[in-house]
Participant: 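Take a look at this one; I'll ask things after.
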Amino acid sequence: MTQHAVFSSGANVWRSFCCPRSELWLDLTLGCGQTFRWRETADGHWTGVMGGRVWTLMQTEDRLWYHTYGSQVSTARQAGRKWPGEGERLETVKKLKTEAAAVKEEPEGGTLELGEVTSQWDGGEEETLRDYFQLKVPLGDLYKEWASVDHHFKDIANIFTGVRMLRQDPTECLFSFICTSNNHISRIEGMIERLCAKLGAPLCRLDGTPYHDFPTVHALADGSVEASLRDLGFGYRARFLQQSARQILDQHGADWLGGLRSVPYEEARSALRTLPGVGFKVADCVCLMSLDKSCALPVDTHMWQIAQRDYRCTMATGRKTLTDKVYQEIGDFFRKLWGPYAGWAHSVLFCADLKKFQKLKEPPIKMEGEGDEKESIGKMKAEKKHGKARAKVCKT
DNA sequence: TCACAACCTTG
DNA sequence: AAGGTTGTG
């Protein structure tokens, strides 16, 4: 049976490229609720479906490592495409061992075996990842700019580093976020998993777990979908999904969503809002996370509270419900404060507000024999093991 | 433009 | 209640 790839096992092919932690922190970026399809299948190893195939990712101090499954898929994908030269991508096994040993703290030393490293062209995988993580956007520089204009941001910026917007598939993003209304992240993840298992193309099976692609708009538009999804626990959202898919095909065509990438923000948002189950909040999520609208800023109940509590945002206070007008004003307030990448800054604050990451705000715990450069990671692992969960730290 | 209820489940 | 949307007054 095929198993999930593990970096230290020596049984898998891993490739990597330079990507410092200040630019990307996988645990936060994949776990902050912008995507619902990645799971931590081993310590620091994230497995999920992206671009029609299954990946496992992990990172060391300054590199991002990746493994993909079922390489036969890549043959079709490569056809007719020209990829940039591979240049300095290849590393020697010796260098890998040195680096991995340094980072992974193998006490035995020398027992660590790494997977095969081939010199063949990687089939565009590195480029796919660079696009998915939008690595051309200089996150470290943006953090400095946001911190210079906003001391609340500055307070958390040193802890919650590398929180990056993904460039997700628009179809997956739209239909996933229609599921988020009145819902928790943990439950959403289960729903999306069942949605893909029911309507998505099967890709492979790892350790007995089947992986599926996200369903196509066509699959979601079928008349039987609402009943199926209600059976899977989608509640009233089942109809929204089927109707939105139907409306896209009937009124625009399957390529319409992707085409919104080249349309101005407000226009794209208005277009999305014509779909059932899509209000301002969901539309902004889709704009920000899949349509290249970096200024789109989803205002949920969290951001509403943050705006009042931390920013004394006057338009946010004194109302019982988040009206369309206030929604707009809060977004404009943060866009003025943070600039054209306001949506990215928002996700850092959102991430820092999540219950599951509150432990990162605690003072570091010194572990015996632990170097300080791996402090934050060591701290997280240590506290995961000890199950520490202290009260949320709020700054006022 | 604002407020409120209803909507499906479950952690 | 939970990262909302829709319909009604």
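Chain letters run A, B, ... following the sequence lines, proteins first and then strands; every chain starts at 1.
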Participant: In whole Å, what is the span from the CG atom of Asp324(A) to the P atom of dT1(B)?
Facilitator: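 Atom CG in Asp324(A) sits about 9 Å away from atom P in dT1(B).
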Participant: Any pair with a residue in residues 323-341 of chain A that passes salt bridge (Lys or Arg N to Asp or Glu O under 4.0 Å), sequence neighbours left out, goes on the list, sorted by first then second residue, please.
Facilitator: Asp332(A)-Arg335(A)
Participant: What residues form a side chain to side chain contact (heavy atoms under 4.5 Å, CB included) with Ala254(A), not counting sequence neighbours?
Facilitator: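 Once residues adjacent in sequence are excluded, the partners of Ala254(A) under the side chain to side chain contact (heavy atoms under 4.5 Å, CB included) criterion are His218(A), Leu249(A).
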Participant: Tell me what Cys32(A) touches on the nucleic acid: a base, only sugar-phosphate, or nothing, going by heavy atoms under 4.0 Å.
Facilitator: base
Participant: Could you measure between the two P atoms, the one in dC8(B) and the one in dT8(C), and give it in whole Å?
Facilitator: 15 Å
Participant: For DNA chain C, find the residues of residues 263-280 of chain A with a heavy-atom distance under 4.0 Å and give them by number; none if there aren't any.
Facilitator: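 Contacting residues: Leu275(A), Pro276(A), Gly277(A), Val278(A), Gly279(A), Phe280(A).
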Participant: List for me each residue that meets side chain to side chain donor-acceptor pair (under 3.5 Å) alongside Ser290(A), sequence neighbours excluded, and say none if there are none.
Facilitator: none
Participant: State the dot-bracket string of DNA chain C. Criteria: Watson-Crick or G-U wobble, both atom distances under 3.5 angstrom; notation: ( ) intrastrand, [ ] crossing earlier pairs, | interstrand, . unpaired.
Facilitator: ||.||||||
Participant: Partners of Glu226(A) by salt bridge (Lys or Arg N to Asp or Glu O under 4.0 Å), sequence neighbours excluded?
Facilitator: Arg230(A), Arg239(A)
Participant: Hey, are the side chains of Val225(A) and Arg246(A) touching, using non-hydrogen atoms and a 4.5 Å cut-off?
Facilitator: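 A side-chain contact is absent here, since even the closest heavy-atom pair is not under 4.5 Å.
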Participant: Is the number of heavy atoms from other residues, nucleotides or ligands under 6.0 Å of Lys356(A) NZ greater than 12?
Facilitator: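 More than 12 heavy atoms, drawn from other residues, nucleotides or ligands, come within 6.0 Å of this atom.
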Participant: First contact, last contact: which nucleotides of DNA chain C are these for chain A, 5' to 3', heavy-atom distance under 4.0 Å?
Facilitator: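 Reading along DNA chain C, I get dA2(C) to dT6(C).
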Participant: Does Gln34(A) use its side chain to pair, donor to acceptor, with the backbone of Leu30(A) at less than 3.5 Å?
Facilitator: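 Judged by distance alone, no pair lies under 3.5 Å.
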Participant: Can you name the closest pair of heavy atoms from Phe175(A) and Ser244(A) and give their distance?
Facilitator: CE2-CB, 4.1 Å
Participant: Do Arg53(A)'s NZ or CZ and the ring of Tyr69(A) fall within the cation-pi criteria of under 6.0 Å and 45°?
Facilitator: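 Because its charged atom misses either the 6.0 Å distance or the 45° angle limit, Arg53(A) does not stack over Tyr69(A).
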Participant: Write down the distance separating the P atoms in dA1(C) and dC4(B), rounded off to the nearest Å.
Facilitator: 15 Å
Participant: Find the distance Asn183(A):CG to dC8(B):P and express it as a whole number of Å.
Facilitator: 13 Å
Participant: Would Arg37(A) count as a cation-pi partner of Phe214(A), with NZ or CZ less than 6.0 Å from the six-membered ring centre and within 45° of the ring normal?
Facilitator: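 Arg37(A) over Phe214(A) ring: no.
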Participant: I want to know whether Phe234(A) and Phe240(A) have ring centres closer than 6.0 Å.
Facilitator: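 Between Phe234(A) and Phe240(A), the centre distance exceeds or equals 6.0 Å.
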Participant: Consider only side-chain heavy atoms of I, L, V, M, F, W and Y, link residues closer than 4.5 Å, and tell whether Trp338(A) and Val137(A) are in one cluster.
Facilitator: yes
Participant: Listed by chain and number, what are the salt bridge (Lys or Arg N to Asp or Glu O under 4.0 Å) partners of Arg164(A), not counting sequence neighbours?
Facilitator: Glu23(A)
Participant: Go through residues 228-236 of chain A and report each residue with a non-hydrogen atom lying under 4.0 Å from DNA chain C, sorted by number.
Facilitator: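 Per residue number, the list reads Tyr236(A).
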Participant: Does Tyr341(A) have any ring-ring contact (aromatic ring centres under 6.0 Å, His included) partners at least two apart in sequence or in another chain, and if so, which?
Facilitator: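 By the ring-ring contact (aromatic ring centres under 6.0 Å, His included) rule, Tyr341(A) matches Trp344(A).
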Participant: For DNA chain B, determine which residues of residues 313-323 of chain A have any heavy atom closer than 4.0 angstrom to one of its atoms, and list them numerically.
Facilitator: Arg319(A), Lys320(A), Thr321(A), Thr323(A)
Participant: Treating Ile, Leu, Val, Met, Phe, Trp and Tyr as nodes and any side-chain heavy-atom pair under 4.5 angstrom as an edge, say whether Tyr132(A) and Trp46(A) lie in one connected cluster.
Facilitator: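 Yes, Tyr132(A) connects to Trp46(A) through the hydrophobic network.
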Participant: With Trp14(A), which of Phe7(A), Tyr66(A), Trp55(A) fulfils ring-ring contact (aromatic ring centres under 6.0 Å, His included)?
Facilitator: Phe7(A)
Participant: In whole Å, what is the span from the CG atom of Asn182(A) to the C1' atom of dC8(B)?
Facilitator: 9 Å
Participant: Is the count of non-hydrogen atoms from other residues, nucleotides or ligands lying under 6.0 Å from Asp250(A) atom CG greater than 12?
Facilitator: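 Check passes, neighbour count above 12.
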Participant: How would you label the contact of Lys325(A) with the nucleic acid (heavy atoms, under 4.0 Å): base, sugar-phosphate, or nothing?
Facilitator: sugar-phosphate
Participant: Can you list, in residue-number order, the parts of residues 184-196 of chain A that come under 4.0 Å of DNA chain C, counting heavy atoms only?
Facilitator: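 Under 4.0 Å from DNA chain C: His184(A), Ile185(A).
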Participant: Just one of Leu288(A), Asp284(A), Ile306(A) clears the side chain to side chain contact (heavy atoms under 4.5 Å, CB included) bar with His346(A), so which one?
Facilitator: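 Single side chain to side chain contact (heavy atoms under 4.5 Å, CB included) partner of His346(A) among Leu288(A), Asp284(A), Ile306(A): Leu288(A).
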